[in-house]
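The structure appears right after this line, and notes come after that.
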Amino acid sequence: MTGTFVEVAAVPRPRAVVTAQRPALARRAVRALPPYLFLLPAVGALVVWTYRPLGAALNLSFFSWNLLPTTPKEYVGLDNYRRLIDLPELRNALWLTVAMTGALLLFTVVLPTVVALWTSALGGRGRAVYGALIFAPVLVPPVAGAALWQWMLDPRSGAVDRVLGHPINWIHEVRPAQIAIVVITGWHLLGFAVLVVAAGLSGIDDEYRAAALLDRASRWQITRWIVLPLLSPTLVFLALMTILMSGQLTFPLIDTLTQGGPDSQTTNVYYLLWEYGFQNFDTGFASAAGLLFFAAFGLVALALIRLSDRLTFHDS
Amino acid sequence: MGRIELDGLTRKYGDVVAVDGIDLDIADGEFLVLLGPSGCGKSTLLRLVAGLIPPTGGRVLLDGEDITHAAPARRDLAMVFQSYALYPHLTVARNIGFPLRAARLPRAQVRRRVAEVADLLELGALLDRRPRELSGGQRQRVAVGRAIIRDPRAFLMDEPLSNLDARLRQSTRAQFRTLHERLGTTVLYVTHDQVEALSLATRIAMLDGGRLEQVGTPTEIFDQPASVFVAGFLGSPPMNLLPARLENLDGRVRVRADGIEADLRPGEPDGSVEGVEARDVVFGVRPEHLRLTDGTGRAGTPVLRGVVRAVENLGAEEVAQCAVGGETVQFRGARPLGLAPGQPVQLATAPDHIHLFDRGSGRRLVWRPHPARTAPATPRA
Ligand SMILES: Nc1ncnc2c1ncn2[C@@H]1O[C@H](COP(=O)(O)OP(=O)(O)OP(=O)(O)O)[C@@H](O)[C@H]1O
Ligand SMILES: [Mg+2]
């Protein structure tokens with residue numbers, strides 16, 4: 001018997017690869033269109049109401065103009081920006097904005113986290129009642145709230161001073177005025193922030209807590225090592241909203257209660273901008289300020305969004 | 001120490017009774033496997049023992065102490081969750097070391113223990129990854145690592161191997177066995193995989209619909225299933241179960257059905273079967289206990305006659321599906337069986353390999369000789 005060993009043949013590979021033909025360009029374009037069509041109204045509104053005014057402001061920031069249609073605009077180049085940077089009030093207003101925003105974070109991030117953590121064990125009807133109570137101030141219109149507080153903050157006869165048993169001139173003394181603005185804005189926002197944190201908490205899978213309990217972690221360890229890190233994207237979101245919205249949110253209060261006083265010590269950058277634009281009618285100057293603030297807040301927002309992306313842990 | 005006693009443990013979800021009056025005594029050092037189909041209450045039972053959900057009835061005792069209402073941390077049990085429950089923001093090393101960090105052990109010691117555990121579970125290369133960067137099997141091993149890094153009173157494991165591939169499953173199974181032999185810690189282990197249960201357990205508790213069907217060693221459960229449910233759950237393919245009738249014929253006990261004829265006590269007729277009454281039964285025989293015959297065996301040898309419908313290749317063995325009467329009988333044997341579809345077959349078995357169950361209750365029937373007479377060689381049915 002003669003013979004030899006031969007290898008078994010390998011699985012044959014196709015020699016010529018036929019690639020499926022892509023559909024025609026027009027066909028693909030029609031298929032890709034619907035999402036853009038759905039976006040169109042939103043993009044249109046953004047262009048008309050946000051980007052066009054932004055462009056107009058950019059244009060105005062190079063002119064000197066007093067808002068009167070009969071007065072001609074006078075081109076001044078970068079003069080408005082130069083004046084703005086040299087303005088002594090700007091530094092004060094900037095510092096005040098940072099301080100007020102920082103103080104507000106206490107009401108929109110720190111306090112809501114504490115409240116939500118403490119009440120997360122609450123269930124059923126108790127939860128609904130307490131939720132409604134804490135959310136109620138959110139529904140009060142800012143100007144109405146300001147009027148109400150003005151009345152309550154009245155020196156001597158106001159409810160606040162009577163409760164404190166100690167007359168404080170809330171609106172005409174620097175520190176009390178600043179505190180009043182921050183606390184009233186915080187009172188407005190607290191309910192909303194608690195709701196957001198509670199939603200964030202309920203989004204954290206209960207299994208992690210269960211696992212940590214069995215791993216014999218204490219309540220504080222679970223909060224610090226598990227809950228807070230997993231909640232951090234929510235907290236960054238709240239911080240972002242606070243920083244970006246604090247100007248708009250404090251504005252009606254400042255305008256109603258203190259008009260930026262006493263001695264400009266409640267004048268934040270938004271109020272400053274408004275004073276120059278609509279009280280002094282220095283339109284070009286106000287436009288330049290607006291654009292500068294826009295750029296600065298844009299950078300802050302970008303940094304926070306980056307941070308929030310880094311902190312988001314996708315659940316398996 | 002880690003003796004766990006369950007005393008009428010019950011958990012209801014509205015109308016659904018997930019765990020229904022479980023009485024179970026798990027000795028210290030035992031490897032008890034809870035086995036049952038999906039939704040039979042295995043995870044719920046484990047969570048009740050862990051203290052993650054309160055029972056609606058009954059008690060849990062740990063080393064004689066009533067811990068029914070004790071906080072999970074006080075029970076000193078370690079659990080592997082079915083969903084792994086790995087902390088998504090922590091690296092593998094931090095996940096595994098979490099219980100030690102929570103216990104405020106020195107950092108160097110935590111690092112050393114984590115390295116040991118990672119070595120044991122072949123996770124060394126993954127220590128800096130986060131859970132979302134791991135495959136299902138790797139996640140499961142991290143979850144196991146987080147449990148075994150501690151020295152708890154007992155381990156609770158909820159399907160810890162379900163996501164591993166066949167090779168890894170086998171090697172991890174072997175690791176569990178050595179680990180259990182080394183540590184001697186009580187393990188309460190949930191699975192729906194019978195191979196895992198049979199190979200790991202010192203005892204198996206079979207669950208169905210929240211109730212205990214049978215508790216026993218793997219051998220007892222496999223060789224003497226207490227009910228039709230247990231018989232039909234174990235084995236691959238599981239036991240053939242066919243409706244049949246038990247008769248007392250000329251002094252012999254005989255099981256008959258369409259295509260089946262089996263004497264349970266072959267040999268000469270004797271008087272010991274006088275008391276046997278005719279009744280409806282379920283006739284059971286495992287596929288591997290059947291063999292081909294040409295019908296010339298001893299008279300009264302249990303025989304099933306049918307027609308081959310299909311033949312399945314399992315690699316080392318083949319399984320033939322045969323139509324016997326109106327039922328399907330599976331027959332497993334070394335490959336090749338030499339059978340083709342359409343071919344008539346006769347399958348023989350030994351009386352010892354026949355299992356009988358009551359048709360109504362589904363419970364196993366056992367032969368009990370009359371106390372007056374002592375009959376020799378009782379069939380195991
Ligand atoms: N939170 C719950 N609410 C209502 N019913 C539940 C709840 N948890 C479990 N059940 C029910 O209890 C029964 C047992 O569930 P369990 O999770 O213990 O099953 P299991 O044996 O672990 O199943 P599997 O093998 O699929 O994991 C199921 O019928 C399930 O639908
Ligand atoms: Mg389960």
Side-chain angles (χ1 to χ4, degrees), chain A residues 8 109 113 116-118 120-126 196-197 199-240 304-316, chain B residues 43 46-47 49-53 70-91 94-105 129-136 138-140 142-143 145-158 163:
Chain A
V8 295
V109 178
T113 308
L117 282 175
W118 264 343
S120 63
L122 224 63
R125 187 161 302 179
V196 172
V197 176
L201 277 180
S202 66
I204 298 175
D205 195 341
D206 247 0
E207 294 276 275
Y208 302 134
R209 236 177 58 81
L213 276 176
L214 279 164
D215 286 343
R216 310 189 87 183
S218 65
R219 222 186 124 139
W220 168 240
Q221 283 172 333
I222 294 176
T223 304
R224 215 178 102 69
W225 291 344
I226 308 290
V227 177
L228 286 182
L230 293 177
L231 194 62
S232 56
T234 306
L235 300 184
V236 171
F237 165 77
L238 277 175
L240 181 74
L304 281 172
I305 287 169
R306 282 270 165 80
L307 181 68
S308 153
D309 280 347
R310 283 255 305 277
L311 288 174
T312 306
F313 306 99
H314 299 283
D315 267 333
S316 45
Chain B
S43 295
L46 220 56
R47 283 170 175 274
V49 175
L52 295 174
I53 46 174
R74 262 209 48 219
R75 305 182 179 208
D76 195 10
L77 307 167
M79 179 156 170
V80 178
F81 286 75
Q82 189 168 11
S83 61
Y84 324 130
L86 299 179
Y87 311 124
H89 57 296
L90 300 180
T91 60
R94 293 222 145 200
N95 262 289
I96 296 178
F98 189 90
L100 301 188
R101 271 212 303 151
R104 302 183 188 287
L105 256 61
R129 296 214 200 153
R130 284 181 211 287
R132 66 155 175 253
E133 297 158 347
L134 302 176
S135 74
Q138 291 166 336
R139 283 177 204 177
Q140 214 151 32
V142 175
R146 189 174 64 187
I148 65 176
I149 199 165
R150 254 179 353 110
D151 183 22
R153 290 215 263 190
F155 290 113
L156 310 175
M157 299 193 172
D158 200 345
N163 265 313

Where A:Ala217 and B:Phe98 come nearest, the two heavy atoms and their spacing: CB-CE2, 3.8 Å

Considering only heavy atoms, which portion of B:Arg47 lies under 4.5 Å from any heavy atom of chain A: side chain, backbone, both, or neither?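 Contact with chain A involves the side chain of B:Arg47 alone.
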
Under 4.5 Å from any heavy atom of chain A - which part of B:Arg104: side chain

Residues forming a side chain to side chain contact (heavy atoms under 4.5 Å, CB included) with [X], sequence neighbours excluded:
{"X": "B:Pro72", "answer": "A:Leu213, A:Leu214, B:Leu52"}
{"X": "B:Ala154", "answer": "B:Ile4, B:Leu77, B:Thr186"}
{"X": "B:Asp76", "answer": "A:Arg216, B:Arg150, B:Pro152, B:Arg153"}

Do B:Tyr87 side-chain atoms and A:Ala212 backbone N/O form a donor-acceptor pair below 3.5 Å?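 Such a contact is found between B:Tyr87 side chain and A:Ala212 backbone.
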
Using only non-hydrogen atoms and a strict under-4.5 angstrom cutoff, which residues of residues 218-228 of chain A touch chain B?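 Only A:Gln221, A:Trp225, A:Ile226 of residues 218-228 of chain A have a heavy atom under 4.5 Å from chain B.
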
Check the surroundings of atom CZ in B:Arg94: do more than 12 heavy atoms from other residues, nucleotides or ligands lie under 6.0 Å from it? no

